[in-house]
Visitor: 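One structure coming up, written as structure tokens, with questions to follow.
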2 protein chains.
Amino acid sequence: MATGRTHRPATRSRGIPEATVARLPLYLRALTALSERSVPTVSSEELATAAGVNSAKLRKDFSYLGSYGTRGVGYDVEYLVYQISRELGLTQDWPVVIVGIGNLGAALANYGGFASRGFRVAALIDADPAMAGKPVAGLPVRHTDELESIITDNGVSIGVIATPAGAAQQVCDRLVAAGVTSILNFAPTVLSVPEGVDVRKVDLSIELQILAFHEQRKAGEETSPAQETAVAAAAQPRSGTGVRPAAGGRKGPDGDVPAVMPA
Amino acid sequence: MATGRTHRPATRSRGIPEATVARLPLYLRALTALSERSVPTVSSEELATAAGVNSAKLRKDFSYLGSYGTRGVGYDVEYLVYQISRELGLTQDWPVVIVGIGNLGAALANYGGFASRGFRVAALIDADPAMAGKPVAGLPVRHTDELESIITDNGVSIGVIATPAGAAQQVCDRLVAAGVTSILNFAPTVLSVPEGVDVRKVDLSIELQILAFHEQRKAGEETSPAQETAVAAAAQPRSGTGVRPAAGGRKGPDGDVPAVMPA
DNA sequence: GAATGTGAAAGATTTCACAGCG
DNA sequence: CGCTGTGAAATCTTTCACATTC
């Protein structure tokens, strides 16, 4: 995360905790909804509920931004929308390119949330010549050959990678070389980037695996409510289905790594 | 705190920290890759690099699972793959349903990582009658009317919601009522679920907004230093994380942002 | 000699709880 | 009063550094 590191003991100027930054979009969304319903003010309690967090956390988060509330009353919706937008840098236009226009890329291109919040899809890029020119979400798909010029001409600094895992690193390198400094990666690969470039990853199978972990746990407690200390209650999950041998079993075909991302 | 629940720190039996659970899939992926290359053993250092974390953290993570390494040598790849898979509950088959078959739903259905790691797409469900019967990723799309029976008949406990924001809560309620206890939500909405149901959220615009925040920051400081190309594998301070927004969000969670999710 | 496993220190985040302002 | 803003306490995570084991 390219943050910590460096020299400066503290970028004191504005040390907003990373955890708080990650929640600001959540608050912003809830606030936008309120704004559209013309609600003038909200209490930390109400807003917290709408955003899915608890009020103490929300107030603490806001305290890092400044004192934008009014005691005894709450927060002014419009004002807060503006302050958070500004803090997140959404008051300016961010052109982004999406590389890899398969199902996922197309889904992203059509995603309304993009345009509605300061992000503008500057171009859709795909390596398949057959895709070139075909319109997706109203934009003609451009060929990978044009990647560098597109980045440069549009001043793009944020790139979205939705290619198969095998092409991700290469695409990443080209994006970075062309000037992109922030990447949202959907390919199941760990990308190597030079210092100064931020990468955020969205990985479907990881999310599912985390759910499976908790699901498995639930299944195990079901039967024995009590909690056995120790006991490797591995848990035999619900009746469900059969089961795969697994054990020393060979790694299945394609693990994740060579995984294939729709593209 | 929205919920009154005072349930114990859950995670009782085997206290594996949530942060560690979230990284296990990462290790598993790296290990699977090594396994396919027939690499017999790895050191914490090597594996950590491949997974994009540092070795101390990796060793600490593994220490929660047990002592599966050999001092002076490292870890046996196959053995570790098995142990982590078991811990995550991937040695069994998890049938999942995907609701909302638009671009995103189709992308998910075609996502290779799904099937390869213990997850099996039991059914694709969409509310559009015109979609019914159409094959997507080799499976015929089923109509929402069948949702309950599909869940029941297949013993599905994990559901993926890829519908527009407006339909998410309703779909969620039906899934839960039918027996689903883990949900992966792609719709930009905070879902209200009863206690005991886990919800994980993947939100594209949030990820982009977080990137924008850092991007904006960069623009404001000419970091000249760092020429040290230190192949940084960006880590990502996962926000909230798993398990839990239970509790009733009063307010109408529906409307939410005008955001539109492809569906 | 090499690399794991792990107490203990250092940090970061969350939660408490209440003083203080409108 | 009602609700924000915030020190301080409680938790959770990460990092250190080294004894321990192969």
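All heavy atoms count here, side chains included; hydrogens, waters and symmetry mates do not. Labels below follow one simple rule: chain letters A, B, ... track the order of the sequence lines, proteins then strands, and each chain is numbered from 1.
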Visitor: Centres of the B:Y79 and B:Y68 rings: under 6.0 Å?
Guide: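 Close enough - the centres of the two rings lie under 6.0 Å apart.
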Visitor: I'd like to know if the side chain of A:S44 pairs up with that of A:R59 as donor and acceptor (distance under 3.5 Å, no hydrogens or angles considered).
Guide: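 There is such a pair (donor and acceptor under 3.5 Å, judged by atom type) between the side chains of A:S44 and A:R59.
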Visitor: To the nearest Å, give me how far apart CD1 (B:I16) and P (C:dT6) are.
Guide: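 Rounding to the nearest Å, CD1 of B:I16 and P of C:dT6 are 14 Å apart.
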Visitor: Quick one: does A:R71 reach the base of D:dT4 with a side-chain donor-acceptor pair under 3.5 Å?
Guide: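 Indeed, a donor on one side and an acceptor on the other fall under 3.5 Å apart.
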Visitor: Distance check needed: D:dT6 P versus A:Y64 OH, whole Å only.
Guide: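 That distance rounds to 10 Å.
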Visitor: Which one, C:dA8, D:dG5, C:dT4, comes nearest to the side chain of A:S63?
Guide: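 So the nucleotide nearest the side chain must be D:dG5.
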Visitor: Tell me whether the side-chain N/O atoms of A:N54 come closer than 4.0 Å to OP1 or OP2 in C:dT15.
Guide: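 Checking C:dT15 against A:N54, a side-chain N or O does come within under 4.0 Å of OP1 or OP2.
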Visitor: Where each residue is assigned the nucleotide of DNA chain D containing its nearest heavy atom, which of B:R23 and A:A56 is assigned the position nearer the 5′ end?
Guide: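 Whichever sits nearer the 5' end wins; that is A:A56.
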Visitor: Kindly write out the residues that satisfy side-chain hydrogen bond (donor to acceptor under 3.5 Å, both in side chains) with A:D173, not counting sequence neighbours, or none if the list is empty.
Guide: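 Per chain and number, A:D173 pairs via side-chain hydrogen bond (donor to acceptor under 3.5 Å, both in side chains) with A:Q169.
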Visitor: Is the shortest side-chain N/O distance from B:S44 to OP1 or OP2 of C:dT4 below 4.0 Å?
Guide: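 Indeed, a polar side-chain atom of B:S44 lies that close.
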Visitor: Atom CG of A:D61 and atom P of D:dG5: how far apart are they, to the nearest Å?
Guide: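 Going from CG in A:D61 over to P in D:dG5 covers 12 Å.
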Visitor: Which whole-number value in Å describes the distance from B:Y27 OH to C:dT4 C1'?
Guide: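 The answer, rounded to whole Å, is 14 Å.
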Visitor: By nearest nucleotide on DNA chain C, pick out whichever of B:G72 and A:V73 is the more 5' one.
Guide: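 This one resolves to B:G72.
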Visitor: Counting any heavy atom closer than 4.0 Å, what does A:Y75 reach on the DNA or RNA strands: base, sugar-phosphate only, or nothing?
Guide: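 Touches sugar-phosphate only.
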Visitor: So for atom CD, which belongs to A:Q92, do other residues, nucleotides or ligands contribute more than 12 heavy atoms lying within a distance under 6.0 Å?
Guide: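 Check passes, neighbour count above 12.
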Visitor: For the pair made of CD in B:E18 and P in C:dT14, what is the distance, rounded to whole Å?
Guide: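 Whole-Å distance recorded here is 13 Å.
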Visitor: Of the nucleotides C:dT6, D:dT4, C:dT4, which one has an atom closest to the side chain of A:R59?
Guide: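 Nearest to the side chain of A:R59 among the choices is D:dT4.
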Visitor: How close or far is atom P of C:dT13 from atom CG of A:L58, stated in whole angstroms?
Guide: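 Those two atoms, CG and P, are 16 Å apart.
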Visitor: Can you find a side-chain donor-acceptor pair between A:S205 and B:R29 that sits under 3.5 Å?
Guide: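 Yes, B:R29 and A:S205 have a side-chain donor paired with an acceptor closer than 3.5 Å.
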Visitor: Measure NZ/B:K57 against C1'/D:dT13 and give the value in whole Å, please.
Guide: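 Result: 8 Å.
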Visitor: If I take atom CD in residue B:E45 and atom P in nucleotide C:dT4, what distance separates them, rounded to the nearest angstrom?
Guide: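 To the nearest whole Å, that distance equals 8 Å.
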